[in-house]
Trainee: 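Right, I'll just put the structure down here and ask away after.
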Amino acid sequence: MDKQKSWNHEIDFHCTFGVWPFRKSLDIHPSGFVWCGELIPLRSITRVRWGYDQVRGGVFPKRVGVATFGTADREFTIRTKQKDFYDILTNKYWRALGRRLLSSMFDTLKRGERIVFTDELAVEDKGIIVRKKQMFGSAPEASYIWEDIGWAVVNGTLCFVPLSEPDNILAGASFIWSDNLHVLDVALSMLGQSEDKRRLSACASMQD
């Protein structure tokens, strides 16, 4: 099986969800995502995110898996309590979109542009930009280069800390609410394996 056919097989997916008469469907194939019969071409999908949302109520809180993909002006979300279905769905999202979104992220950073994940956190090629909220006036920016910071996932949030003060969280972003944070997480894993940590875009050469 050649590489293209293998990828076609990896992303092939069909599901229906929701209850009648509001049942919906999603198909994934090489030409795009088909949402309830409407084709959204792969090239137009620019963002993806997923995570678990805790729904309170009753004695025990319930965890609901949320998986979203979107274009520049629209987004589509599936919510499910079925872990097996959620795991398969998010794997298909990554297989279909991850490599292209990762390459796009590297290209954006290489051009010297920043990528904003939250009001407090943005990423540049050389590191992160942190803007702490203030009650009055505009929030000042602080820059931190990759060589001076560490990162970890804590309770569904990607957190950044200075290596000199590992208990001091500089900024964080939630996987469930921040577009393409999973893409950044993969890029950071590659950076962690690289000897040269000066620029995140240099990890592009490590892609399969």
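Bear in mind the structure is a predicted one, so any value in this text is a computation, not a measurement.
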Trainee: Determine, for R111 against E113, whether the closest basic-nitrogen to carboxylate-oxygen distance falls under 4.0 angstrom.
Mentor: yes
Trainee: Out of curiosity, L39 CG to S44 OG, how far, rounded to the nearest 0.5 Å?
Mentor: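 OG of S44 is found 8.0 Å from CG of L39.
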Trainee: I want to know whether Y93 and F33 have ring centres closer than 6.0 Å.
Mentor: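 Y93 vs F33: aromatic centres under 6.0 Å.
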Trainee: Would you give the length of the straight line joining atom OG of S143 to atom CD1 of I129, rounded to the nearest 0.5 angstrom?
Mentor: 3.5 Å
Trainee: Check whether I28 and F76 end up in the same hydrophobic cluster, where Ile, Leu, Val, Met, Phe, Trp and Tyr are linked by side-chain heavy atoms less than 4.5 Å apart.
Mentor: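 Yes, same cluster.
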Trainee: Centroid separation under 6.0 Å, is that true for the rings of W94 and H182?
Mentor: no
Trainee: Among the clusters formed by ILVMFWY side chains lying less than 4.5 Å apart, do I11 and W50 turn up in the same one?
Mentor: yes
Trainee: Are more than 12 heavy atoms, taken from residues, nucleotides or ligands other than K197, located less than 6.0 Å from that residue's NZ atom?
Mentor: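 Yes, the 6.0 Å shell around NZ holds more than 12 heavy atoms from other groups.
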Trainee: For atom CG of D196, is the number of surrounding heavy atoms from other residues, nucleotides or ligands below 6.0 Å larger than 12?
Mentor: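 Counting neighbours around CG of D196, more than 12 heavy atoms of other residues, nucleotides or ligands fall under 6.0 Å, so yes.
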Trainee: Do L97 and V34 share a hydrophobic cluster (ILVMFWY, side-chain heavy atoms under 4.5 Å, transitive)?
Mentor: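 No; V34 is not reachable from L97 via cluster members.
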Trainee: Could you check if a side-chain atom of V66 sits within less than 4.5 angstrom of a side-chain atom of T80, using non-hydrogen atoms only?
Mentor: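 Sidechains of T80 and V66: no contact.
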Trainee: Using the rule that Ile, Leu, Val, Met, Phe, Trp and Tyr join whenever any side-chain heavy atoms are under 4.5 Å apart, tell me whether Y86 and I88 fall into a single cluster.
Mentor: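 Same cluster.
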Trainee: Are side-chain heavy atoms of L121 and F160 found at a separation under 4.5 Å?
Mentor: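 Heavy-atom side-chain distance check passes, below 4.5 Å.
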Trainee: State whether the side chain of D125 and the backbone N or O of R199 hold a donor-acceptor pair below 3.5 Å, judged by distance alone.
Mentor: no
Trainee: Say you draw a straight line from CZ of R47 to OG1 of T71; how long is it, rounded to the nearest 0.5 Å?
Mentor: 6.5 Å
Trainee: Is any side-chain heavy atom of V123 less than 4.5 Å from a side-chain heavy atom of F117?
Mentor: yes
Trainee: Under a 3.5 Å distance rule, please check whether R100 uses its side chain to pair with a backbone N or O of I45 as donor and acceptor.
Mentor: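 Yes; judged by distance alone, with no hydrogens or angles, the pair exists.
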Trainee: Tell me, yes or no, whether the heavy-atom count around Q82 atom CD, taken from other residues, nucleotides or ligands under 6.0 Å, exceeds 12.
Mentor: no
Trainee: Between D12 and K92 (salt bridge meaning N to carboxylate O under 4.0 Å), is one present in this structure?
Mentor: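 Here D12 does not pair with K92 in a salt bridge, since their nearest N and O are not under 4.0 Å apart.
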Trainee: Evaluate side chain to side chain donor-acceptor pair (under 3.5 Å) for N180 paired with S178, printing each intermediate quantity in order.
Mentor: CA-CA 6 Å; N180 295 336; S178 304; over 6 Å; no
Trainee: With the side chain counted from C-beta on, respond yes when I128 and I149 share a heavy-atom pair under 4.5 Å apart, and no when they do not.
Mentor: yes
Trainee: According to a hydrophobic-cluster definition based on side-chain heavy atoms being under 4.5 Å apart (Ile, Leu, Val, Met, Phe, Trp, Tyr only), do F175 and L89 belong together?
Mentor: yes
Trainee: Assess whether a salt bridge exists between R114 and E124, defined as any Lys/Arg side-chain N lying under 4.0 Å from an Asp/Glu carboxylate O.
Mentor: yes
Trainee: Quick one: pull up CG in L181 and CD1 in I115 and give me the separation to the nearest 0.5 Å.
Mentor: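 L181 atom CG to I115 atom CD1 measures 11.0 Å (nearest 0.5 Å).
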Trainee: Under 4.0 Å between a Lys/Arg side-chain N and an Asp/Glu carboxylate O for D87 and K83?
Mentor: yes
Trainee: Could you tell me whether the side chain of T16 reaches within less than 4.5 Å of the side chain of L26, counting heavy atoms only?
Mentor: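 Contact flag for L26/T16 side chains = no.
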Trainee: With under 30° as parallel and over 60° as perpendicular, where do the rings of W146 and W151 fit, or are they tilted in between?
Mentor: perpendicular
Trainee: Count the heavy atoms belonging to other residues, nucleotides or ligands that lie under 6.0 Å from CD1 of I169, then report whether that count exceeds 12.
Mentor: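 Check fails, neighbour count at 12 or below.
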Trainee: Within the structure provided, determine whether Q54 and K62 are in side-chain contact (heavy-atom separation under 4.5 Å).
Mentor: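 The answer is no; the side chains never approach within 4.5 Å.
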Trainee: Between S6 and E10, is there a side-chain heavy-atom distance shorter than 4.5 Å?
Mentor: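 Side-chain contact under 4.5 Å: yes.
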Trainee: State, to 0.1 Å, how close S194 and M206 come at their nearest heavy-atom pair, and which atoms those are.
Mentor: CB-SD, 4.1 Å
Trainee: With a 4.5 Å heavy-atom cut-off, do R74 and F69 have their side chains touching?
Mentor: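 Result no, sub-4.5 Å side-chain heavy-atom pair not found.
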Trainee: Can E75 and R49 be counted as an ion pair, charged N to O under 4.0 angstrom?
Mentor: yes
Trainee: So, K110 side chain and A204 main chain: donor-acceptor pair closer than 3.5 Å or not?
Mentor: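 Flag not set: sc K110 to bb A204 has no pair under 3.5 Å.
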